[in-house]
Each structure stands twice: as C-alpha cells, then as structure tokens.
Amino acid sequence: MTRIRRGNIARRRRTKIRLFASSFRGAHSRLTRTITQQKIRALVSSHRDRDKQKRNFRRLWITRINAVIREIGVSYSYSRLIHDLYKKRVLLNRKILAQIAISNKNCLYMIYNEIIKEVDWKESTGII
C-alpha cells in the first residue's frame with residue numbers, strides 16, 4: 001500500500017487562522033488553540049467596542065453643545081435647547097450641532113436666538 005499524505009484541509013484552515021493572528025504576541029500568534037481563543041476574544045471585543053464608540057461620540061457631542069450653550073445664557077442648558085428644537089421642528093442632529101458649536105459659534109447663537117424668539121412669542125401669546 002502506498003502512503004497517503006493527509007492534513008491538507010486542516011493545514012489550510014490553520015494557516016488562514018494564523019494570518020488573522022499574525023499581529024498577536026507570543027503563543028497567541030503561534031499555537032493553534034490559543035490563536036482560536038484569541039480570535040474569538042478579539043472579535044467579541046471589536047463587536048462590543050463598536051457600540052461603545054457610538055455611545056462615547058454621542059456623549060462628546062452633547063458635552064460640546066452644552067459647553068457652548070451655557071456660554072450664551074446662564075439659565076439655558078443643552079436639554080432646553082434640544083426641547084426647543086423639537087418644539088420648533090428643526091431637524092439638526094447632535095453631531096451637526098456639535099460641529100457648528102466648534103467651527104462657528106455665531107451660527108449656533110443665531111439658531112439659539114431664532115428658537116428663543118419663536119418659543120417666547122408662542123408662550124407669551126398662549127399658542128402652543
């Protein structure tokens with residue numbers, strides 16, 4: 001009987017896994033079992049942190065908007081601005097508002113003044 005060479009598919013699978021883990025250090029890039037464990041761990045972390053990144057950016061935008069808005073008026077805050085924007089039906093999301101707050105504060109002041117005029121006028125006349 002002739003000798004059968006085996007392990008072609010398994011070797012191909014292991015080399016594919018090793019390519020994923022080539023940047024890992026020590027045994028995490030050399031041993032097949034630890035490579036698979038580290039691969040699972042890396043994919044779980046990346047999935048979790050993508051959601052976390054969205055949360056962190058939203059927090060950053062809110063902080064920036066609030067900082068600029070509090071410079072305008074003492075009693076005015078981020079939550080009142082967002083509430084008044086919804087009342088006025090202005091469709092600006094937090095990312096755009098934060099970019100406006102950083103790059104062009106005067107534009108944000110103009111938005112603020114327009115909203116305040118409209119909301120104060122409606123409240124004083126009783127139209128809501």
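This is a predicted model, so every value here is computed, not measured.
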query: Is there a donor in the side chain of Y78 and an acceptor in the side chain of R94, or the other way round, less than 3.5 Å apart?
result: yes
task: Using modelled atom types only, decide if a donor and an acceptor are shared between the side chain of D84 and the backbone of I115 within a distance under 3.5 Å.
output: no
message: Regarding E71 and K105, does a basic nitrogen lie under 4.0 Å from an acidic carboxylate oxygen?
response: yes
- line: Nearest heavy-atom contact between L108 and A101 is CD2-CB, 3.9 Å
task: Keeping the roles fixed (side chain from R18, backbone from R30), state whether a donor-acceptor pair exists under 3.5 Å.
output: yes
- prompt: If you look at every heavy atom in R64 and I102, which pair is closest and at what distance?
  reply: NH1-CD1, 3.1 Å
task: Give a yes or no on whether the backbone of S22 and the side-chain of S29 come within a donor-acceptor separation of less than 3.5 Å.
output: no
message: Treating R59 as the side-chain partner and R55 as the backbone partner, does any N or O pair qualify as donor plus acceptor under 3.5 Å?
response: no
message: Surrounding CG of L91 (heavy atoms of other residues, nucleotides or ligands, distance under 6.0 Å), is the total greater than 12?
response: no
- request: Identify the heavy atoms of F24 and K39 that sit nearest to each other, and give their distance.
  value: CE1-N, 4.4 Å
- line: What one should report as the nearest heavy-atom pair of R70 and Y76 is CG-O, 3.8 Å
statement: Shortest non-hydrogen pair, C107 vs I100, comes out as CB-CG2, 4.0 Å
Under 3.5 Å donor-acceptor, N113 side chain and Y109 backbone: yes
Side-chain donor-acceptor pairs under 3.5 Å in residues 41-52, sequence neighbours left out?
unit_1	atom_1	unit_2	atom_2	d
S45	OG	R41	O	3.0
S46	OG	A42	O	3.4
S46	OG	L43	O	2.9

message: Are I96 and N93 packed together at the side-chain level, in the sense that at least one heavy-atom pair is separated by less than 4.5 angstrom?
response: yes
